[in-house]
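Have a look at the structure below before the remarks.
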Amino acid sequence: MADEGGIYKRMATYDKRWVYVALFIVVLGPLINPIGMPIGISAQTRHYKAELDTLQEGDIVFSTWNMEFSGYMELKPGVLATHKMFIEKGVKLCIAFGHFEGVALPPEIFKQLKKWTDDYDYTEGEDYIIIGYVFPNEAAVAALAGDFHANVRVDWRGESIEGTFLDEIQNGGDFAMISDYTTGLATTNIIRHIVLEYDTPMVVNSIGVSVPGHLANLDAGLITALLASTRGGAELEFLIGSPGPGLKSMDAFTFGHYSLIIFIIIGNIGHYGWTRRSGARDRTGIR
Amino acid sequence: MNEFLEFAAVVMGIFISFCMYTTLYGKPNPLRSWAEFSYLGAGTGVSVVIGLTYIWNTAILGMQAGDWILIFSILFGLMMLFRVHPTYGYISRLPLAFTVGTGLALSLRTQIFTAFIRQINATIVKLWTNVPLEFVYRVTIAVSVITILTFFLYTMELSGPLFWTSRVGEYLMYIGFGAIFAQTFMGRLGLFVGYMESLTTPTWKTPYTLASALICLIAAILFDRTGLGEKLSAG
Amino acid sequence: MSSFFKSRSAQITVLIVSFLLVFIPYFIPWGPLDWLSGKLMTIAAVTNAFTIVIAVYSQFRRSGRFINERRKGWVYHIYLLALMAIMTLSGFIFGQHAGAYEWLLLAVVTPLSSVIYGILAFYMSSAGARAFRARSPHAALLLLAGFVVLMYQAPLTGAFFPGIEGAAVYLTDTFGMSVSRMFSISVSIGAIVLGVRMLTGKEVAFLGFGEGDE
Amino acid sequence: MGKPVVCSYGCGGFDYWTVAGLSILGYVAKICAETDTRLIVPTGGSSDSYIVREAAVDLVRNAYTAAGRPEAFNEDDMPFLSGEQYAYTPGYVGILVRERPGTMVMTGSHWSEAMNLAEMANAVDSITITAGCYTSNMAALACASDYIMLGEEQPAAGAYLSRDPAQMASIRVQDIYKFIAIGTILLGLIAVNLGSDIINRLIST
């Protein structure tokens, strides 16, 4: 009796750590030996690129990095591909952080963009200014949106921002566009206190978990375009013809999804083969 | 930072990462405790430096530039610290009332528009357009929003039409949850794949990554089998 | 003086006045009031930033007890406090772009932050594998929708089976979006109602007042 | 079963979800005090959470006092796990792995760490009762937990358990507003499909 149900019981009650081992293997494998399988391009990403194409040389974009260093791991393809477009177009950037880990991002990001910044002579102070961690809470976002220079006097190295292209910015409405990269953090507050107040167009590169929420904002006209997670970034790399970490990760992305699908199938076989007959209960909150 | 120090930091970062991944094994071990307390100490240190720098850049430099009203931010900030004092805790009530009052004003004055009116307005649309698919989209959204809203009514008995709309709403909600679970999984997988990509690029990192993974897996199993894991891990 | 702080009605008055001074200028633009409202927001932002000091104090208090009483794992707490001190002192002395601060940021903080956030993929896999089982109508609908969107999100599928984009985008952009929209509507109502409770003094626990306090 | 109970009220400041989480914590603390069950309450998780922690300590102390067992209250079982979300998470997971509680009740405003905590509680065979506070969290926690409070079921549960008239009245007001929202959408759809966008213009002035 003990082993009754045999293979079906094992399929229904296997040690979940095998799921973890499988995920490590299917992700690390293709990263170490890339295969380069094809990918489809979504309409959402095409619209995001079209929105960026409306920018002109000299436009000042508010590039808001509302991400921890860990969130950057997911948004890296979208961040790098979008900033390559900004550099090629000669757009000026005001870069702000929404998390204290943001201070670790500029060295990492501009190291990956070095070829572009050298080719286009794109320099800090002239073409981009990093004002640092300025969004600790909602009050700080609202204050900065209303009176920029009363709340931002120095950049992230403590040097004055007077006499730079930021002199043209008095409030949130003076930016040509807000380009947000977000794991959540201050994005909702930027929509509330800049977009709603000044109608500044805002494009968002969001982690997967926040996509449903931003779809509602996109449909309500609060944001103008949405780039979804690693996959959106990989599609943008493809559209601008500059393969990077996104396209390299797509094989692992495919296998990661397929491994979950396989485990779901195994679980359902085990459920119908053993759980239903044994009267055991699946431990889940779904009614 | 010179080259050797940067190399050492990267290799240490790889090893400490897999020490934290031993959490997946599900049993306590000293490698995981070391990683946990490393992050607790260094992470709190970073937030202290960034937090106090923000206060300096905003309040102190602001006052030096003539914004004397900002003296209240220092005064209120110091009063806030009494929150943990056993006897004089009541001193923190003034700055608390002030910050909660301004916080409420900031969120309420815009939330009614972004999260309520704009969302209702976006649902009230012409259903029929000359694109059949768009008609299907708009009807689905309208029916879903209305029926799911009825599922979350608590203070009235759901009988008659309300019974059926709430039942339909519950089923449509679970379809939504299925789609949202998959999107959330895509995001989380993107985080993990993005980090593994950074641990294998440039390629010189790959041997250190595979070695750390193997060492930590073996260590987790040995600590568990010998019972040392429980003894040597944190309380 | 202490009676002012201990008076519930006095603190609720402060709450209401600071609320109005920031709420009204949003609807009635008037120069001096706009200026004051902007300054109050900056003051509130800086006041909130001070709470980091309470965090460090609470951490020292808890670790101190572990060390003094030699409780299990007390060595880890010495290590924690030492690392916190090194990070803080190095950040202020050498700045955020040099010294031990920069090294520990690269070697400890950013890797572990990436691990702890990225580890969710594993937990979602095991939870999904356990829960996506067609054992009830609700679970079957969840499984079907999840399966279609998961298949679509695997980049390879779209290249061979383009039709899946239509089905998956329909599920995410209608049902998924509707669930988000519904929660957005109902949560905003809840937040507004909570705000009214606070302003009318019905919710004062956050100020440290008990039930009977006056 | 002799095992402890872990109950958390979230990492946020005093927001909509935290108030509900505290009401549920008050009820759980009362039961634990009456049944002499050890209660562990992880606190911290964000800079906003410092303000809430003091209120939570008072709440649990009062529950033990009301049950006639003030000496059983132990503030060490309300550990502060840093003001940083990703330092709070491994600390909380460490408590689950070491204490292996019989039940974990996770309410209030939790963010991405909720999945870590729910799956680890499942791994140590705890009964897992959770509440999600944003859409993606609810979908994932619905799969990972044994029992879940969806969306506003959490504040409704908090009001029901605390018997606080103000919270009960709030749930009633929210239902009325939901009816207003449903009515507005229905009226608006009828009007706009008959050619008049009067409702759209009315609500967006």
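First the proteins, then the strands, lettered A, B, ... as listed; each starts at 1. None of these values were measured; they are calculated from a predicted model.
Residues B/Tyr154 and D/Glu152 come closest through the heavy atom pair OH-C, 3.0 Å. Of all non-hydrogen atoms in B/Pro28 and D/Val97, the two that sit nearest each other are CD-CG1, 3.2 Å. Nearest approach of D/Ala139 to B/Ile180, heavy atoms of both residues: CB-CG2, 3.8 Å.
Within residues 163-177 of chain D, the residues approaching chain B closer than 4.5 Å by heavy atoms are, in numerical order, D/Ile171, D/Arg172, D/Asp175. Residues of residues 181-189 of chain B lying under 4.5 angstrom from chain D, judged on non-hydrogen atoms, are B/Phe181, B/Thr184, B/Arg188 by number. Residues from residues 106-116 of chain D that place a non-hydrogen atom less than 4.5 Å from a non-hydrogen atom of chain B comprise D/Ser112, given in numerical order. By a heavy-atom distance cut of under 4.5 Å, B/Ala142, B/Val145, B/Ile146 are the residues of residues 139-147 of chain B near chain D, going up by number.
Counting heavy atoms of neighbouring residues, nucleotides and ligands inside a 6.0 Å radius, atom CD of D/Glu71 exceeds 12 of them. Applying the 6.0 Å contact sphere to CH2 of B/Trp128 captures more than 12 heavy atoms from other residues, nucleotides or ligands. The number of heavy atoms from other shown groups lying within 6.0 Å of CZ (B/Phe72) does not exceed 12. Within a 6.0 Å sphere centred on CZ of B/Arg167, other residues, nucleotides and ligands contribute 12 heavy atoms or fewer. Within 6.0 Å of the CH2 atom in B/Trp34, the count of heavy atoms belonging to other residues, nucleotides or ligands exceeds 12. Remark: D/Tyr160 OH is loosely packed, at most 12 non-hydrogen atoms of other residues, nucleotides or ligands lying under 6.0 Å away.
If you measure heavy-atom distances from D/Ala156 to chain B, the contacts under 4.5 Å come from the side chain alone. Residue contact with chain D, scored on non-hydrogen atoms closer than 4.5 Å, is absent for B/Ser107. Of the two parts of B/Thr23, the backbone and the side chain both hold a non-hydrogen atom closer than 4.5 Å to a non-hydrogen atom of chain D. Neither the backbone nor the side chain of B/Arg138 comes within less than 4.5 Å of any heavy atom in chain D. The part of D/Arg100 that comes within reach of chain B is its side chain, from C-beta onward, which places non-hydrogen atoms under 4.5 angstrom from that chain. Looking at B/Leu162, the atoms closer than 4.5 Å to chain D (heavy atoms on both sides) all sit in the side chain, from C-beta outward. Neither the backbone nor the side chain of D/Leu187 comes within less than 4.5 Å of any heavy atom of chain B.
Among D/Ile199, D/Asn200, D/Ile185, the single residue meeting the side-chain contact (heavy atoms from CB on, under 4.5 Å) criterion with B/Asn121 is D/Asn200.
In this structure, the separation between CZ on B/Phe151 and CG on D/Leu150 is 6.5 Å, given to the nearest 0.5 Å. Atom CZ of B/Phe116 is separated from atom OG1 of D/Thr184 by 7.0 Å, given to the nearest 0.5 angstrom. For the atom pair CG (D/Leu202) and CD1 (B/Ile117), the distance works out to 11.0 Å, reported to the nearest 0.5 Å. The distance from the OH atom of B/Tyr39 to the OG1 atom of D/Thr89 is 8.5 Å, given to the nearest 0.5 Å.
Top candidate by heavy-atom pairs under 4.5 Å with chain D, chosen from B/Ile124, B/Thr123, B/Val125, is B/Ile124. Contact tally against chain B (heavy-atom pairs below 4.5 Å) for D/Arg53, D/Met138, D/Met120, D/Lys178: the top residue is D/Lys178. Listed options B/Glu230, B/Met20, B/Arg32, B/Lys27 were ranked by heavy-atom pairs under 4.5 angstrom with chain D; first place goes to B/Arg32.
Side-chain N or O atoms of D/Asn193 include one that pairs as donor or acceptor with a backbone N or O of B/Leu127 at under 3.5 Å. In this structure, B/Lys126 contributes its side chain and D/Val192 its backbone to a donor-acceptor pair below 3.5 Å.
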